[in-house]
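Residue indices begin at 1 and follow the sequence shown.
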Amino acid sequence: MYLQSNFQKKLKQRRYQKRGRINSMLIIWGITVLILMVFLFNPSGIVRLLYQKSTIKKMSNEIEQLKLKAELIEAKLDKVNNDEYLKKFLQDFCKFVPVESVPK
């Protein structure tokens, strides 16, 4: 009887020790998850900073592309404002004859 009760006491102690270890590990994991959530997903967290950096890169790329397009349009406008280019365009594509070449 004594051996059985002593053995049962030791089993209970081991169960409680295991439960205590499991509970302490759950608490530690819970705290670390909470800390990570606070650092990652708060308004000034790492995830938001990375998202902002990626949007800044996308916007800067778009700005560069728009600058290049604006330069191309300016170059085309400069060509159109040139009188010689207009004469050549009218002669080649529209089949216009210049006034100087018309016989009188």
Side-chain angles (χ1 to χ4, degrees):
M1 186 90 179
Y2 174 74
L3 289 175
Q4 213 172 22
S5 64
N6 194 14
F7 180 70
Q8 288 175 351
K9 286 181 185 178
K10 286 184 181 182
L11 278 177
K12 285 182 183 179
Q13 285 176 353
R14 286 183 186 169
R15 285 183 194 156
Y16 288 125
Q17 285 176 352
K18 285 183 182 179
R19 285 184 190 166
R21 287 181 190 162
I22 291 172
N23 288 339
S24 64
M25 289 301 289
L26 285 176
I27 291 171
I28 290 170
W29 279 106
I31 291 171
T32 54
V33 166
L34 284 174
I35 290 172
L36 285 175
M37 294 292 281
V38 166
F39 282 117
L40 292 177
F41 298 109
N42 66 358
S44 63
I46 295 170
V47 172
R48 184 173 174 113
L49 292 175
L50 292 175
Y51 178 74
Q52 286 176 348
K53 283 186 178 182
S54 68
T55 53
I56 288 171
K57 284 182 184 178
K58 287 179 186 176
M59 288 182 182
S60 64
N61 287 339
E62 287 181 26
I63 289 171
E64 291 298 322
Q65 289 176 355
L66 290 174
K67 284 181 182 178
L68 290 174
K69 285 182 182 179
E71 289 176 3
L72 288 174
I73 291 172
E74 286 178 4
K76 286 181 182 179
L77 284 174
D78 289 339
K79 268 188 179 179
V80 170
N81 289 336
N82 190 358
D83 290 335
E84 291 177 18
Y85 175 77
L86 285 175
K87 286 180 185 177
K88 189 173 186 181
F89 177 77
L90 290 174
Q91 287 174 359
D92 292 341
F93 296 106
C94 299
K95 305 294 185 209
F96 283 120
V97 179
V99 177
E100 296 94 21
S101 65
V102 175
K104 290 183 182 182

Exercise. Considering only Ile, Leu, Val, Met, Phe, Trp and Tyr, and joining two whenever side-chain heavy atoms are under 4.5 Å apart, list the other residues clustered with Ile73.
Key: Leu77
Practice problem: Check each of Ile27, Val33, Ile28 against Ile31 using the side chain to side chain contact (heavy atoms under 4.5 Å, CB included) test, and report the only one that passes. | Solution: Ile27
When the side chains of residues 47-57 are checked against the rest of the protein, which donor-acceptor pairs come out under 3.5 Å, sequence neighbours left out?
from, atom 1, to, atom 2, distance (Å)
Arg48, NE, Pro43, O, 3.2
Ser54, OG, Tyr51, O, 2.7
Thr55, OG1, Tyr51, O, 3.2
Thr55, OG1, Gln52, O, 2.7

Quiz item: CG/Leu34 to CE/Met37 distance, rounded to the nearest 0.5 angstrom?
Solution: 8.0 Å
Quiz item: Heavy atoms, side chains only, cut-off 4.5 Å: are Thr32 and Trp29 in contact?
Solution: yes
Quiz prompt | Distance, nearest 0.5 Å, that separates CG of Asn61 from NZ of Lys58 | solution = 10.0 Å
Quiz item: Which value, rounded to the nearest 0.5 Å, describes the distance between Met59 atom CE and Ile63 atom CD1?
Solution: 8.0 Å
Self-check item: Straight-line distance of Gln65 CD to Lys69 NZ, nearest 0.5 Å
Solution: 6.5 Å
